[in-house]
Amino acid sequence: MVSSYREMEDKWQRTWSDRKLENADRDGRKKFMIIFAYPGVTGYLHVGHMRGFTYSDAIGRYKRMTGHNVLFPVGTHATGNGAVTLAHRIMKKEEDMISYLKNNGCTPEKLEGLNGPMAVVEFFNDVYVNDYWKRFGFLSDWRRFTCTLYEDYGMFMKWQFRKLNDSGLLIQKPYFAPACVQCGPVAIDASETDISKGGSAETQEYTLLKFRCGDLFLVAATLRPETVYGQVNFWVNPDVEYVKMKKDNETWIVSPPAAKKLAYQKDGCEVVGTISGKEMVGWMCEAPMIHRSVPVFPAKFCDPNVGTGLVTSVPSDAPDDWISLQDVKNDPLIMKEYGLTKEQIDSAVPISIISMDGYGDFPAKDIIESMGIERSGDPKLEEAKKQVYKDGYHTGRMKDVCGKFAGLRVEDAKDKMRAEMIGSGEAELFYDLNEEVICRCGNPVMIKRVDDQWFINYADEELTKRTSDHCRTMDINPPEYQNNVHTVLEWFRERACVRQGSWLGTKFPFDERWTIEAISDSTLYPIYYIISMYANSKQISAEQMTEPFFDHVILGKGDVGTVSKETGISAELLTKIKDDVQYWYPLDLNLGGKEHMTVHFPTFLFNHVAILPPEKLPKGIMVNWYITKKKDETGKKDKISKSKGGAQPIPGAAEKFGVDSLRLYYAHIASLFVDVEWDEDIVMTYRQRLDRIITMTEELNSIFEMEGTSDVDGWLYSRYGTHMENIHEAMKRFDLRTMAAEVYFEMFNDMKWYVRRGGCSSLAIRDALRTWISAMAPITPHIAEELWEMCGFEGLVSEYEYPEVPPGDTGAEFGETLIRDVISDISQIIKVTGMSPKRVILYTTPQWKVKVMSIALDLVSENRLDIPSLTKMCMSDPEIKGYGKAASELAKKMATDMSRTSNEGRRALLKLNEFEHLSAAAQFIASEIGYKVEVISANAGDIYDPQGKSKAALPGRPAIYLE
RNA sequence: GUGGGGGUAGUCAAGCUUGGCCAACGGCGCAGGACUUAGGAUCCUGUCCUUAGUGGUUCGGGAGUUCAAAUCUCUCCCCCCGCACCA
């Protein structure tokens with residue numbers, strides 16, 4: 001018995017390592033290169049992350065055992081500011097950060113050393129490699145480990161960007177990005193890595209509308225520039241103190257927060273004074289596009305923090321405007337308080353501008369009424385606004401009053417009208433976040449204009465087409481993604497590929513002020529694993545990895561002598577590296593989590609297509625779903641909680657369950673393409689299963705030493721042959737779940753049945769064990785090695801190569817199915833009748849019925865089985881004809897039955913002599929059911945059959961009589 | 001909004017591409033039994049309803065195609081995920 005999983009795991013991992021099994025060097029075999037998308041260095045990982053990693057290792061191991069030279073390199077991705085943030089928090093000695101590290105096994109000494117971002121990265125690199133990947137028994141070529149922050153990796157990255165530039169795929173244009181006023185660019189996303197508040201904020205594109213009023217401009221911000229034809233007045237908040245802002249040689253009026261935001265996006269902004277909202281009420285100003293003079297009215301809903309704090313009024317389509325205009329018109333006090341004239345008030349008459357499905361002339365009015373909104377300030381107004389905007393955008397059409405835009409759909413009119421107003425200088429663009437976002441440092445985040453931002457032009461049509469075409473030739477799993485990836489590629493726009501600020505990563509080769517960002521530096525990297533080994537072993541230095549170097553070893557450009565001279569690398573070594581690249585690339589399989597489907601995989605594909613020749617493009621992608629957190633009692637997703645144990649570190653889980661139990665759990669729990677809820681009890685059942693398998697192997701190995709053969713040997717060989725066939729078939733799709741089901745359940749059950757049936761040939765058992773254990777090696781390699789050794793098989797199972805399997809023999813397999821069915825039927829009858837019979841009599845089918853079935857099967861294969869044909873055929877056979885009516889009835893029944901189902905399995909039963917087979921098994925059946933069993937062939941003329949049951953016997957279905 | 005994924009018996013989850021060996025693999029749970037035990041045991045058997053091994057009704061709801069549908073078509077209802085500078 002295996003006394004300790006840990007000991008066993010260590011033992012075999014040492015053995016593999018001593019034998020250098022994981023090292024992948026070029027040789028004459030067929031190669032297979034597999035990676036998983038390297039993880040970001042974001043701290044400790046949890047058991048869920050091991051799912052995809054484990055899959056990769058198991059696939060790699062399977063490929064080894066089918067004669068492939070397998071390269072399975074790993075690395076980490078540390079670009080960005082994750083490590084900076086981590087280091088920062090550690091150095092500030094933040095309490096939860098420190099306890100997080102300690103709880104995960106970071107010693108005080110190590111903690112001491114975490115004094116900067118690179119130290120943090122190296123610390124976690126070590127954790128990932130040793131505590132996760134090596135601990136799980138991965139056969140990865142550790143010599144090739146690389147990290148995006150390594151200097152040599154950086155050289156590769158610079159080369160990649162030079163190549164992109166050579167292809168004309170790097171472009172520059174202005175860009176509006178969220179940035180902290182202090183720290184520079186930040187990412188706004190739900191994980192809130194960079195920020196402390198506002199992870200769900202979105203960037204809104206406003207159109208600034210300039211209303212001329214003397215030499216001042218009142219500047220409103222709108223999301224609906226297409227409604228300008230409906231403008232009838234202007235809103236200011238009388239309680240807000242606005243600012244006058246110099247904008248080039250104009251003077252704008254906006255709210256103070258807006259002035260700040262604008263300064264980040266536009267040149268020449270300078271606050272020169274203030275003006276109260278109240279003062280502006282009653283002014284007349286000229287509305288853009290329609291060039292009508294409209295009055296300024298007061299409204300409380302103008303929020304100085306949203307847009308510019310000033311609003312144009314389109315009462316026909318904006319619920320807020322409609323209801324506030326009613327207030328102004330109906331409340332004489334307002335008119336008096338702000339000194340508005342009746343003329344002004346009367347001039348503001350809503351104009352119907354857009355026709356929309358389900359709405360009348362004034363959609364704003366309709367929605368207000370249908371939602372029962374009566375006063376300004378009603379919180380339901382927000383919802384009303386969204387609804388009208390949405391319906392307008394999708395179903396609206398511009399009416400005749402909209403000049404040359406009449407008849408356009410709203411979504412088209414929006415762009416055209418905005419462009420026209422920008423062109424005439426009446427409008428400008430402005431970006432703002434729809435909720436407050438605060439940086440980790442505590443300062444606000446706003447949208448900043450970045451001039452000359454570099455992009456990779458993934459919108460390039462030719463590149464998109466080539467990439468899409470290549471995808472069709474790839475092996476992409478799940479198949480849904482194979483279909484979907486084209487849409488994703490199509491949808492991909494230019495991607496900002498560099499950023500500013502104090503970020504970790506490679507400097508942009510064309511401008512050192514920029515750092516290459518995290519997605520863009522992890523696209524072509526699989527090929528770098530082939531080269532990293534030489535940098536790691538110091539055979540080449542980062543300085544030597546120049547453009548001509550990569551051009552030569554990857555693209556085969558340049559003369560080796562010249563490159564050698566330029567780089568100082570020997571011609572011999574250059575050729576070796578170049579040959580390595582030729583041998584290992586293209587990448588056969590890239591496996592990554594589902595989050596990669598819309599970002600990493602597309603860029604991975606694009607960059608390969610852009611830079612490498614067609615024969616070096618990746619051949620496979622596999623996407624894995626997640627292990628998710630267990631739901632709590634209320635059905636809400638709980639954190640992987642400490643009480644349920646899921647938060648424990650990966651090494652802890654390995655200790656608790658055993659590595660192989662976890663590996664089997666990942667492989668078998670579900671298809672790779674569904675999320676799975678983490679549940680310790682389930683993992684435990686996998687451990688129990690492995691324990692059972694170990695125990696059974698031990699018993700088989702020690703008990704059976706018999707020479708000779710037994711009746712069920714053929715069956716066992718056939719079954720194991722069938723299972724291996726199934727496994728190889730499934731693994732064409734890298735379907736580890738099917739493989740696991742075959743190995744740990746089907747093969748196990750068959751072995752049990754073999755023994756139960758009295759199978760005892762030690763030769764058969766050893767042959768079966770060899771097959772079985774070797775089939776375990778990809779998923780549970782440690783246990784497989786242990787059992788392999790226990791059985792005294794030669795060498796390491798990890799180095800074993802699967803032999804050609806003789807295909808399964810359906811005839812041999814059918815015999816046992818028949819016995820099981822018979823036992824099951826007898827038990828069924830006993831249960832239903834409650835009888836305790838003296839004995840059980842089985843009547844096997846008479847030969848003529850077999851003949852009828854055989855004829856029927858022939859007809860089926862010719863696709864012309866029907867009742868008349870079968871009857872006719874049968875009646876032309878004198879033997880069958882002798883049975884008269886029984887024969888014609890059987891023909892009728894069989895024709896009906898068999899035309900309703902497929903019949904591939906039925907041929908098998910023709911090969912079997914049921915009487916002999918069941919007679920031989922009678923003893924066994926008797927012992928299983930606990931009653932005496934007698935087998936009688938219905939062929940024989942004069943048989944004991946008091947109830948005439950024998951007539952019911954059919955091929956493959958003996959009649960049963962309980963006495 | 002947009003693009004994608006999904007709803008299968010107590011539960012988790014196969015099957016759906018290529019309709020028929022589908023009452024629907026398997027795991028877990030549950031029940032009964034065996035063994036007899038200190039082990040998160042193991043081994044049998046059963047687990048929709050009915051029943052001498054049969055038959056009936058099932059695969060989100062409804063309609064259709066077909067000799068035949070969990071699988072194909074249409075429609076409706078519900079759930080989940082991505083949408084970018086986050087890996």
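For clarity, every value in this text was computed on a predicted model and none was experimentally measured. A, B, ... follow the sequence lines: proteins, then strands. Residue 1 opens every chain.
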Residue from A:Asp521, A:Thr146, A:Thr42, A:Thr148 passing side chain to side chain donor-acceptor pair (under 3.5 Å) with A:His77: A:Asp521

A:His668 and A:Tyr686 aromatic centres sub-6.0 Å: yes

I want to confirm an ordering. Mapping A:Ile960 and A:Pro479 to their closest nucleotides on RNA chain B, which one lands closer to the 5' end? A:Pro479

Closest of B:A13, B:A87, B:G53 to the A:Asp825 side chain is B:G53

So A:Ile826, base contact, sugar-phosphate only, or nothing? Heavy-atom distance under 4.0 Å. nothing

Can you tell me, in whole Å, how much space there is between the C1' of B:A68 and that of B:G20? 6 Å

Taking the P atom of each, how far is B:C30 from B:C72, in whole Å? 36 Å

Who are the side-chain hydrogen bond (donor to acceptor under 3.5 Å, both in side chains) partners of A:Glu813, not counting sequence neighbours? A:Ser718, A:Arg719, A:Thr722

Reading RNA chain B from 5' onward, which residue's closest nucleotide shows up sooner: A:Ile682 or A:Tyr38? A:Ile682

Rounded to whole Å, please give me the gap between NZ in A:Lys949 and P in B:U54. 12 Å

Any protein N or O atoms within reach of nucleotides 33-36 of chain B? Criterion: under 3.5 Å, listing atom names and distances.
none

Are A:Leu672 and A:Arg737 close enough, and set up right, to give a side-chain contact (heavy atoms from CB on, under 4.5 Å), and what steps lead you there? CA-CA 8 Å; A:Leu672 196 57; A:Arg737 185 181 192 265; over 6 Å; no

Give me the distance, rounded to whole Å, that separates B:C12 from B:G7 when you measure between the C1' atoms they each carry. 14 Å

A:Asp821 near the nucleic acid: base, sugar-phosphate alone, or nothing, with a heavy-atom cut-off under 4.0 Å? nothing

side-chain contact (heavy atoms from CB on, under 4.5 Å) filter on A:Ala856, not counting sequence neighbours, yields A:Leu865, A:Leu870, A:Met898

Between A:Arg687 and A:Lys656 (side chain of the first, backbone of the second, donor and acceptor by atom type, cut-off under 3.5 Å), is there such a pair? yes

Mind calculating the distance between CD (A:Glu963) and P (B:G53) to the nearest angstrom? 19 Å

Roughly how many Å apart are B:C80 and B:G27, using the C1' atom of each and rounding to a whole number? 24 Å

Within this structure, what is the OH-to-C1' distance between A:Tyr666 and B:G27, rounded to whole angstrom? 18 Å

Any sub-3.5 Å donor-acceptor pair from A:Glu494's side-chain atoms to A:Gln172's backbone N or O? no

Inter-nucleotide P distance (B:U18, B:G1), Å rounded: 32 Å

By side-chain contact (heavy atoms from CB on, under 4.5 Å) - contacts of A:Ala670 (at least two apart): A:Arg51, A:Val674, A:Val676

Per-nucleotide protein contact string for nucleotides 2-9 of chain B (B base, S sugar-phosphate only, - none; heavy atom under 4.0 Å): -SSSS---

Listed partners of A:Lys838 passing salt bridge (charged side-chain N to carboxylate O under 4.0 Å, His left out), at least two apart: none

For the side chain of A:Ile519, starting at C-beta, report the closest nucleotide among B:G26, B:G40, B:A87. B:A87

Value rounded to 0.5 Å, distance of NZ in A:Lys173 from CG in A:Asp452: 13.0 Å

Name the nucleic acid region contacted by A:Thr738, choosing base, sugar-phosphate or nothing; use a 4.0 angstrom heavy-atom cut-off, strictly under. nothing

Taking B:A87 as the reference, what is the distance to B:C43 when you measure between their C1' atoms (whole Å, please)? 49 Å

Please assess A:Tyr5 against A:Asp691 for the test side chain to side chain donor-acceptor pair (under 3.5 Å), listing each intermediate value before the final yes or no. CA-CA 10 Å; A:Tyr5 274 89; A:Asp691 284 340; 2.7 Å; yes

B/S/- along nucleotides 42-48 of chain B (protein heavy atoms under 4.0 Å) is SSSS---

Reckon A:Arg957 touches a base, only the sugar-phosphate, or nothing at all at heavy-atom distances under 4.0 Å? base

The test is side chain to side chain donor-acceptor pair (under 3.5 Å); show your working for A:Asn590 and A:His596 and say whether it passes. CA-CA 11 Å; A:Asn590 183 357; A:His596 294 305; over 6 Å; no

For A:Asp945, salt bridge (charged side-chain N to carboxylate O under 4.0 Å, His left out) partners two or more places apart: none

Numerically ordered, the residues 832-842 of chain A set in heavy-atom contact under 4.0 Å with RNA chain B is A:Val832, A:Thr833

Whole Å only: how far is the CD atom of A:Glu677 from the P atom of B:A13? 8 Å

Is A:Pro958 touching bases, backbone alone, or none of the nucleic acid, heavy atoms closer than 4.0 Å? base

Is there any salt bridge (charged side-chain N to carboxylate O under 4.0 Å, His left out) pair reaching into residues 949-963 of chain A, and which pairs are they, with sequence neighbours excluded? A:Asp825-A:Arg957, A:Arg839-A:Glu963

Taking pairs as Watson-Crick (N1-N3 plus N6-O4 or O6-N4) or G-U wobble (N1-O2 and O6-N3), each distance under 3.5 Å, the stems of three or more consecutive pairs with RNA chain B are B:1-7 with B:77-83, B:10-12 with B:26-28, B:29-34 with B:42-47, B:60-64 with B:72-76

Using the C1' atom as the reference point in each nucleotide, state the distance between B:G33 and B:C81 in Å, no decimals. 47 Å

Rounding to an integer number of Å, can you tell me how far A:His668 NE2 sits from B:G27 C1'? 6 Å

Would you please classify the geometry between the A:Phe604 ring and the A:Phe601 ring as parallel, tilted or perpendicular, with 30° and 60° separating the classes? perpendicular

Once you apply a heavy-atom cut-off of 4.0 Å, does A:Ala518 come out as touching a base, just sugar-phosphate, or nothing? sugar-phosphate

Could you state the CD-C1' distance from A:Glu813 to B:C21, rounded to the nearest angstrom? 14 Å

Describe, in one word, how the ring planes of A:Trp678 and A:Tyr665 are oriented to each other, choosing from parallel (under 30°), tilted (30 to 60°) and perpendicular (over 60°). perpendicular

Partner of A:Leu223 under side-chain contact (heavy atoms from CB on, under 4.5 Å), picked from A:Lys414, A:Gln204, A:Lys385, A:Glu205, is A:Gln204

Value rounded to 0.5 Å, distance of SG in A:Cys497 from CG in A:Leu164: 8.0 Å

OP1 or OP2 of B:C28 less than 4.0 angstrom from a side-chain nitrogen or oxygen of A:Thr685, does that happen here? no

Between B:C74 and B:A84, how far is it from one C1' atom to the other, in whole Å? 36 Å

Please list, chain by chain and in numerical order, all residues satisfying salt bridge (charged side-chain N to carboxylate O under 4.0 Å, His left out) with A:Arg692, sequence neighbours excluded. none

Whole Å only: how far is the CG atom of A:Asp681 from the C1' atom of B:C28? 10 Å

Over how many whole Å does the gap from A:Glu595 atom CD to B:A84 atom P extend? 16 Å

